[in-house]
Amino acid sequence: MDLARDLSEPQRRAVLHDEGPLLVLAGAGSGKTRVITYRVARLCAEVGVIPWRILAVTFTNKAAGEMRERVRRLLGPDAGQIWLGTFHATCARLLRRWPGPAGLQPDFTIYDDDDSRTLIARVIKDLDIDPALCPPREVQARIDRAKQDGRGPDDLPVRSSLDELARRVYAEYDARLRQLNAADFGDLLVLTVRMLERHEPLREELRERFQHLLVDEFQDTNRIQFRLIELLLNERRNVCVVGDDDQSIYRWRGAEVKNILEFDRRFPGTVVVRLEQNYRSTRNVLAAAAAVVRKNVSRHPKELWTANPAGEPVKVVLAGDEREEAGAVARLVAAAQAEGLALADQAVFYRIHAQSRVLEEALRGRNIPYVVVGGFRFFERAEVKNLLAYLRLLVNPADDVSFLRIVNVPVRGVGKVSAERLADHARAAGLPLAAAAARAGDIADMPAAAARALTALAGQLSAWRDALVEGPGEVARRVFDESGYRQALENDRSPDAETRLQNVQELLGSIEEWTLEHSEPTLSGYLEHVTLQTAVDELDGKAADRLPLMTVHSAKGLEFDTVYVAGMEDGLFPYGLRQDELHDQRERQARLEEERRLAYVAMTRARRRLWLLHSAHRQLFGGIQAYPPSRFLGDLPKDAIEEAVLPGARQASAWTEPQPAARPAWSRGGPARGDRGRSGPVVVRRAPRTQPQPWNDPAPPTVEQEICQTMAEAAGLAFRVGDRVRHPRFGVGRVVDLETGAELKIAVEFPGWGRKKLIARFVERV
DNA sequence: AACCAAAAAATTTTT
DNA sequence: TTTTTTGGTT
Ligand SMILES: Nc1ncnc2c1ncn2[C@@H]1O[C@H](COP(=O)(O)OP(=O)(O)OP(=O)(O)O)[C@@H](O)[C@H]1O
């Protein structure tokens, strides 16, 4: 470990900081994560802190894995002992070790978002509340928020009838979770905090145990996470937090920037270290990003400079529609790859997942391998969740949500009515569904066929449970075969049945693989690993070279040589500021600032090259609309950027007939009335911009020509303005312009024939 | 109970 | 536009 070589002077100060609270507040790419990594390594190697006495929290499992790997390189195998993970994973680990004090039983199930919503819907039904008055999504959001703030049902404000309903549902939902021996994501934090608050001996034990706490990305922690840190700190207060208030992008799910901005007030005596040098990006990239975030009013101004070269200007590209935009991205990626830049060193970002599809199509069209991070995740697919539900039921027989999921998968003649009867009976008898199913014959009004199926299922479940000793992989395979689910999928003649079968096979493979990688593999451990996966975990490096596609949120903390941001339009990025939906001006302002920070995060992921693309028109959620360029593009310093207009956007006037309301087609109740606000897609009438350069003009090629050129090169058609070409009919001429479209076209000036537009592949270079 | 067609809803961002 | 829910038929 060579601190002098690997760290700047302020970084070293943070790494060498002795005891007491430490705050590293610094801009993007300034080496904050490196500080945590080296500090952990040094605490172990030089200060002599025992690795398992260190707790370091990262934002994603992937970040944790990378940090562990780096520490391992600095420290050796002891790195495996460090408590290193996300808040959720860390809490799950604590709760697994001390389930009792938290009010759980060992092998409790962790419910993901979906499971939790399912249970909430069920509770609403059981409480005889009209679901129309009380949408499960809405209630779930309230419960989540409450848990993030560490509030129970009785702490909820009651200002409306929905508040009152939500409070009742929350109370019953929590009671149900305990009954089912389950915890939702929020509970992982809530139960851990409550356990520490209420059990002094355990609190003291853990305070004694963890001599040092370190938290990365502290700007996006919420109240209960802050509380957890407070509870774990002993009188030496060895806590090191790092973050950047400009990168706080999770306010919407309860993150409190205050946690970092007021950290030194909450912990008097905090040593504050600022890092002002960016090591990641070129000067142009940094200047562009800084110009966007600088406009925020509520921020702590900070210095950020770089010794890196100015590099290429940031490219701003206007496309006619989302397909042209996607095509341009695909071509640029291919061109960069042809120049030797691996796909994994590039990345495409977007504001919302719905944008990925058209990009995927364009990439498939060019045979560019890609991976979509987040979105519809593998473990969220119905067929995968079905098998997982069986497995969860083996580990936790009280898991009624899982039972209801699989009770008729594969179809075994237990329909809605029978399932409902079973549930009523179980509730009256105070039994879990699986236990009630074992004696289904005793239930009044239960059809004989359904009763037989239920008893058989119960029998199978207990047989598989007995087989758990054979290992997770073996049991999973048996469940898939013996439940008849495999048969059902094989017999299914629908077009995507094959994919579903493959997905389940992949799940079985994933279980085997996980089993091999762990010394004491338990099914319960695997299930936890699956549920606590974060989006970017899929990006683990060992796979083949693929282009990552992700939302800007998922990109936080990552870096790539070249970054493409698609959809830089007002109404899409910034998103969600529509005046007619969001009346509260303060809230609007706060959201706009968060969108700005989001743009800052997106741009500062780029090391060398940054492309910002936007479309004049876009089809999203059904309807086609005109979108003005993102206001963030207007903030970019002119001397750090270069603008280009793709052919589809040049004949803009043809496109700008008045568009109806700027809202999703499905919610449109006629044209929008009144003020649409400054945000959101509006009708734009854009004069065609930059004319193509005359061929004899000495000016350097415009970006659009450059784009066309890189695209052409990628297609194996390397034409530049000025090249001499031969055409079978017109003879030899000189290229004066390039144009993209479905086919690359070039404009050629032929002596005697004049200027001709030709499809490039019919022309030969001479 | 199972299946299919028609109607309704949904779209930020995620652990 | 796509996905989920519903209602009606077999
Ligand atoms: N002292 C240094 N000298 C050279 N390179 C460094 C130094 N410190 C960090 N880097 C490099 O700079 C890049 C950014 O570092 P790091 O990810 O630690 O920054 P960060 O502040 O956590 O970034 P962000 O907040 O944007 O996620 C990395 O590629 C890292 O290897």
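Order of the sequence lines sets the chain letters (A, B, ...), proteins ahead of strands, with each chain counted from 1. Please read all numbers here as calculations on a predicted model, not as lab measurements.
Residues satisfying the side chain to side chain contact (heavy atoms under 4.5 Å, CB included) test with A:Val193, not counting sequence neighbours, are A:Glu197, A:Ile224, A:Arg227, A:Leu228, A:Leu231. Partners of A:Tyr250 according to the ring-ring contact (aromatic ring centres under 6.0 Å, His included) rule, which considers only residues two or more places apart in sequence or in another chain, are A:Phe59, A:Trp252, A:His553. Qualifying side chain to side chain contact (heavy atoms under 4.5 Å, CB included) partners for A:Asp107, counting only residues two or more places apart in sequence or in other chains: A:Val395, A:Ser524. Partners of A:Asp537 according to the side chain to side chain contact (heavy atoms under 4.5 Å, CB included) rule, which considers only residues two or more places apart in sequence or in another chain, are A:Thr60, A:Asn61, A:Lys62, A:Gln533, A:Thr534. Shown here are the salt bridge (Lys or Arg N to Asp or Glu O under 4.0 Å) partners of A:Arg486, two or more places apart in sequence or in another chain: A:Asp481. Taking the side chain to side chain contact (heavy atoms under 4.5 Å, CB included) definition, one finds that A:Gln140 meets it with A:Asp113, A:Ser116, A:Arg117, A:Ile120, A:Asp144, sequence neighbours left out. Applying the ring-ring contact (aromatic ring centres under 6.0 Å, His included) rule to A:Tyr170 yields no partners; only residues at least two apart in sequence or on another chain are considered. Under the salt bridge (Lys or Arg N to Asp or Glu O under 4.0 Å) criterion, A:Arg392 pairs with A:Asp115, A:Asp399, not counting sequence neighbours. Applying the salt bridge (Lys or Arg N to Asp or Glu O under 4.0 Å) rule to A:Arg151 yields the partners A:Asp149; only residues at least two apart in sequence or on another chain are considered.
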Strictly under 3.5 Å: I want the nitrogen or oxygen pairs between protein and nucleotides 7-10 of chain C, one per line.
none

Could you write out each protein N or O paired with an N or O of nucleotides 1-7 of chain B at a distance under 3.5 Å?
from  : atom 1 : to       : atom 2 : distance (Å)
B:dA1 : OP1    : A:Ser418 : OG     : 3.2
B:dA1 : OP2    : A:Gly415 : N      : 3.3
B:dA2 : OP1    : A:Gly413 : N      : 3.1
B:dA2 : OP2    : A:Asn408 : ND2    : 2.9

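Counting only Watson-Crick and G-U wobble pairs whose two key distances fall under 3.5 Å, DNA chain B forms stems of three or more stacked pairs at B:1-10 with C:1-10.
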